2 protein chains.
Amino acid sequence: MAAGQGSASEMARALDAAEARCVRSGAQLTELRRQVLALVLEADQPLGAYALLDRLKAQRPGAAPPTVYRALDFLLEQGLIHKVERLNAFIGCVEAGHDHGHDHDHAHDHQFLICGSCGATIELSDHAVAHALADAARRVGFQLRKTTVEAEGLCAACLAAGAGAAVAASPG
Amino acid sequence: MAAGQGSASEMARALDAAEARCVRSGAQLTELRRQVLALVLEADQPLGAYALLDRLKAQRPGAAPPTVYRALDFLLEQGLIHKVERLNAFIGCVEAGHDHGHDHDHAHDHQFLICGSCGATIELSDHAVAHALADAARRVGFQLRKTTVEAEGLCAACLAAGAGAAVAASPG
DNA sequence: GCGAATTCGGTTACTATATAACGCGGGTGC
DNA sequence: GCACCCGCGTTATATAGTAACCGAATTCGC
Ligand SMILES: [Zn+2]
Ligand SMILES: [Zn+2]
Ligand SMILES: [Zn+2]
Ligand SMILES: [Zn+2]
């Protein structure tokens, strides 16, 4: 399974880091946005907007689709979360807690590895992949703005657990 | 703009190649499937399922969502088209007409470059990108099954036409 | 020939994902 | 007070995708 934020203190630290990041960029991490971010972070796999909405309703009974989509848009702009296109789902950015690096540039190159067996989604920041794609684009005169690199397969844990055999040769 | 199938003869050749490919894999390229494939191929950019449905209704008034989705599923399985995840849209595979290569393996590694200005979508089959991603996955013990590599930006034509400046410094 | 099984696709209904549009309340500047 | 912006509640709608049922056509076994 993917990690999520294991403990309450980890979660608090992550939310504080998000707060700091927003302050630096002149944005407000409001109560709603913080709640949605917490829901994304505490999940152990990417959650769809409506799954988040269901959970949010526990704290905010009047919540509707625009409630959660607006918060998600904000969190995406701030680089605190990513959207997994293949799943139409959202996941916390593993680098969001880092104070160093691309502070002013709220996007960063990343790749997702999505386990088809357990749903775990691993975020990578592999420069070789990013560079290879940039090179390929440059070769055809294309100027990159934003990349989406996602792969589906089997994570190490599921491979070790024999899920590979189970999936590849399922008796069904 | 992207190419689509420029002429009627190109289209006929592409459809015949698709037919041959289906025969080899024991599948039937029925009239419906051929119509949907033709609609995908004649477009100069990726089309969504409902855009295809609208066009299909001209030839097949009773068409409904399942009509087009079933045809699209078939065409995807045969490797004749791809889905662009970022757009929820479908585009013809540039390699579908080739008799050589991965005949029995109906998927192939590919990448899309999507122009945010004109909508042109370029399909690449860049081995360096595919290998870099495979390496990154192997390094964390992840077994790849299917990859999605898509980038948004500006195509060469739009850059040359000054769309870069227009987009980057639009007076609005 | 006849029934079983399969494939294809018409049809209805529905679920899931995402956005448009309106309006209100609270803060800020003046 | 008033204009302005922002955040968000609220309603309605748009877009994307699927489930389930049905009947016609084909194939296969007998
Ligand atoms: Zn990230
Ligand atoms: Zn797994
Ligand atoms: Zn292709
Ligand atoms: Zn362009």
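Computed from a prediction, not measured in an experiment: that's the story for all the values here. All chains are named by letter (A, B, ...) in the order of the sequence lines, taking the proteins before the strands, and each is independently numbered beginning at 1.
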Is any NZ, NE, NH1 or NH2 atom of the basic residue among A:Glu152 and B:Arg145 found under 4.0 Å from an Asp or Glu carboxylate oxygen of the other?
yes
Should the side chain of B:Arg33 and the base of C:dG9 be counted as holding a donor-acceptor pair, with the cut-off at 3.5 Å?
no
According to a strict under-4.0 Å criterion, is B:Thr67 in side-chain N/O contact with OP1 or OP2 of C:dG10?
yes
Starting at atom CD of A:Glu85, determine the distance to atom P of D:dA16, rounded to an integer number of angstrom.
13 Å
B:Thr148 and A:Glu85: side chain donor to acceptor below 3.5 Å:
no
B:Lys57 vs C:dG10: side-chain N/O to OP1/OP2 distance below 4.0 Å
no
If you compare every side-chain N and O of B:Asn88 against the phosphate oxygens of D:dT15 (OP1, OP2), does one of them come in below 4.0 Å?
no
Kindly indicate whether the side chain of B:Arg60 and the base of C:dG9 share any N or O donor-acceptor pair separated by less than 3.5 Å?
no
Just N and O in the side chain of A:Gln28: are any of them under 4.0 Å from OP1 or OP2 of D:dG7?
yes
Considering heavy-atom distances to DNA chain C, does B:Ala71 or A:Ala89 have its closest nucleotide positioned more toward the 5' end?
B:Ala71
Does some side-chain heavy atom of A:Glu31 sit less than 4.5 Å from a side-chain heavy atom of A:Gln59?
no
Under the side-chain contact (heavy atoms from CB on, under 4.5 Å) criterion, do A:Phe112 and A:Ile91 qualify, and how do the steps go?
CA-CA 10 Å; A:Phe112 288 123; A:Ile91 190 173; 3.6 Å; yes
Whole Å only: how far is the CG atom of B:Leu72 from the C1' atom of D:dT18?
14 Å
Looking only at N and O atoms, is any donor in the side chain of A:Tyr69 or the base of C:dA20 less than 3.5 Å from an acceptor on the other one?
no
Minimum-distance nucleotide to B:Pro65 side chain [options: D:dG17, C:dT11, C:dG9]:
D:dG17
Expressed as a whole number of angstroms, how long is the span from A:Asp73:CG to C:dT19:C1'?
10 Å
Per nearest nucleotide of DNA chain C, the residue lying toward the 5' end, A:Ala51 or A:Arg70, is A:Ala51
Please state how far atom CG in B:Leu53 lies from atom P in C:dG10, giving the value in whole angstrom units.
11 Å
Output the rounded distance in Å from CG (B:Asp54) to P (D:dA14).
13 Å
Does a side-chain N-to-carboxylate-O contact under 4.0 Å join A:Asp16 and A:Arg13?
no
Within the pair B:Thr30 and C:dG9, is there a side-chain N or O less than 4.0 Å away from OP1 or OP2?
yes
Whole Å only: how far is the OH atom of B:Tyr50 from the P atom of D:dT13?
18 Å
Round to a whole Å and report the spacing from CZ of B:Phe74 to P of C:dG9.
9 Å
Taking only the side-chain heavy atoms of B:Leu32 (C-beta and beyond), determine which of D:dG17, C:dA20, C:dG9 contains the nearest atom.
C:dG9
Separation of D:dA16 atom C1' from B:Arg86 atom CZ, nearest Å, is 17 Å
